[in-house]
Amino acid sequence: LLIFLSAREGKAVSLKEYVEAMAEGQEKIYYASGENADRLKKLPQVETLRNKGYDVLLFTEDVDEFIPQTLNTYMEKGFCNALSEDLGLETEEEKAEAKKKSELLKGFLDFVSEKLSGSVKEVRLSRNLGSHPVALVPEEGMSFEMEKYMKRANPEFAFQVGRILELNEEHEAVKAMQLAIGTDETKAERYAKLLYSQACLMADLPIDDEDAMLQGNDEFYMFRTAFHNSKYIVNTENDICYMIDKQMAAGKKFPRAYMATGVEDAHYEDNRFFMDKYASQGLDIYRVIDHGYHNWEYCDKHVKKYLDW
């Protein structure tokens, strides 16, 4: 019996139960792979599908990704990797419009691609990011989770999947980066690298240059990440808290840091713990503690309010 965690139900369901509960008009079995279910639920593509009324299966075991490749279809429904494949949500008219918009913004996309040369193979627009500014997706052929699995299985022959940076042109941060290209290219480049770093964090991938992410003379950087339980934080090298710990231990100084949490957040106590911890160590922290959940949209509200984006 094939059972996977359902993002909508919050519990394990069988493939049969998933298909029988599919929303009207849904033609694919959507899944997302990663080590942590809470992190997967917050990804842009998963958010977009859930807003559409479509459920997403959360694959958290190494063997899970082999199931779609083995079955191909189930009850006449094909599988779709929500993090790397076409979600099939756009009409032909919408696809044509998106293509035209990409052509109009070719100069902007080329600028970001040039500044991130060596880190990404392509930069493109996406309408599947919901309230998020960016997302990092793999080239067709292998997922990031499969890349990690192969690296653990045989580090000597590890293969890195090509990275594609997707941008949400409607997001305020992306609009600000566009505007900065015509007025301050250095600032625009910083935006591009910061957004790329955030995309890496969301994809649970290492950041190319931690110093570039965490250091910045007089810059006021906002550190935006979804906190998890303490054990997860301690053992995840590309988590913001882990990175700050390592940098501070090396004697490096930081610009002001931004941390936000919602009182109703399931990990509210963990969030407060890290805020208090870094404040006691002399890190200048701007705190936002408010009602609600700590999600990307919640943080973006404060980004637009307190940062010059």
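Note that this is a predicted model, so its numbers are computed, not measured. One-based numbering along the sequence shown.
Counting non-hydrogen atoms of other residues, nucleotides and ligands closer than 6.0 Å to NZ of K148 gives a total above 12. Summarising the local packing, CE of M150 is surrounded by 12 or fewer heavy atoms from other residues, nucleotides or ligands at distances under 6.0 Å. Surrounding CZ of F79 are more than 12 heavy atoms belonging to other residues, nucleotides or ligands, all under 6.0 Å away.
The distance from atom OH of Y191 to atom CG of L179, rounded to the nearest 0.5 Å, is 9.0 Å. T91 contributes atom OG1, which lies 8.5 Å from atom NZ of K95 (distance to the nearest 0.5 angstrom). Expressed to the nearest 0.5 Å, how far CG of L125 lies from NZ of K101 amounts to 8.0 Å. If you take OG on S126 and CD on E170, they are separated by 12.0 Å, rounding to the nearest 0.5 Å. Here OG of S33 is found 12.0 Å from CZ of F144. Values are rounded to the nearest 0.5 Å. Between the CG atom of L129 and the NE2 atom of H171 there is a distance of 9.5 Å, given to the nearest 0.5 Å.
Proximity of a side-chain donor or acceptor of N168 to a complementary backbone N or O of V174 within less than 3.5 Å is not detected. No donor-acceptor pair under 3.5 Å is formed between the side chain of Y54 and the backbone N or O of K28. Remark: the backbone N or O of Q45 is not paired with any side-chain donor or acceptor of N128 at under 3.5 angstrom. Side-chain atoms of S113 do not come within 3.5 Å of backbone N or O of L109 as any donor-acceptor pair. Under a 3.5 Å cut-off, the side chain of R50 and the backbone N or O of T48 do not form any donor-acceptor pair. Side-chain N or O atoms of Y30 include one that pairs as donor or acceptor with a backbone N or O of L87 at under 3.5 Å.
The hydrophobic cluster containing L89 does not contain V137, counting ILVMFWY residues as joined when their side-chain heavy atoms lie under 4.5 angstrom apart, directly or transitively. Connection of I181 to Y196 is established within a shared hydrophobic cluster, with ILVMFWY side chains joined at heavy-atom distances below 4.5 Å, either directly or through further cluster members. Both L43 and I29 are members of a single hydrophobic cluster when ILVMFWY side chains are connected at heavy-atom separations under 4.5 Å.
Closest approach of E9 and V13 over heavy atoms only: CG-CG1, 4.4 Å. Across all non-hydrogen atoms, the minimal contact from T73 to G78 is CG2-CA, 4.1 Å. The minimum heavy-atom distance between P138 and S84, with the atom names listed, is CG-CB, 3.5 Å. Of all heavy-atom pairs between V46 and A32, the closest is CG2-CB, 4.0 Å. Shortest non-hydrogen contact noted between A135 and P44 is CB-CG, 4.1 Å. The heavy-atom pair separating C80 from D86 by the smallest distance is SG-O, 3.5 Å.
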Check the pair M177, L194 against side-chain contact (heavy atoms from CB on, under 4.5 Å), reporting the backbone distance first and the verdict last. CA-CA 11 Å; M177 180 167 58; L194 179 58; over 6 Å; no

Would you check, one step at a time, whether the test side-chain contact (heavy atoms from CB on, under 4.5 Å) holds for V112 with L195? CA-CA 10 Å; V112 179; L195 288 173; over 6 Å; no

Given R163 and L116, is the side-chain contact (heavy atoms from CB on, under 4.5 Å) satisfied, shown in steps? CA-CA 11 Å; R163 274 76 165 129; L116 298 178; over 6 Å; no

What verdict does the side-chain contact (heavy atoms from CB on, under 4.5 Å) test give for M146 and F66, after you've listed the backbone C-alpha separation in whole Å, the side-chain angles of each residue and the deciding distance to 0.1 Å? CA-CA 9 Å; M146 189 62 68; F66 292 105; 4.0 Å; yes

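Taking a cutoff of 4.0 Å between a charged side-chain nitrogen and a carboxylate oxygen, E147 and K151 do not qualify as a salt bridge. A salt bridge between R127 and E97 is present, with a side-chain N of the basic residue lying under 4.0 Å from a carboxylate O of the acidic one.
Sequence neighbours left out, the pairs with a member in residues 62-80 that pass salt bridge (charged side-chain N to carboxylate O under 4.0 Å, His left out) are E27-K77, D62-R152.
Ring geometry, Y31 versus F59: the interplanar angle falls under 30°, so the pair is classed parallel (tilted spans 30 to 60°).
With L136 as the fixed residue, the side chain to side chain contact (heavy atoms under 4.5 Å, CB included) test singles out one of L83, I164, L165: L165.
Using a 4.5 Å cut-off on side-chain heavy atoms (C-beta onward), L71 and L15 make contact.
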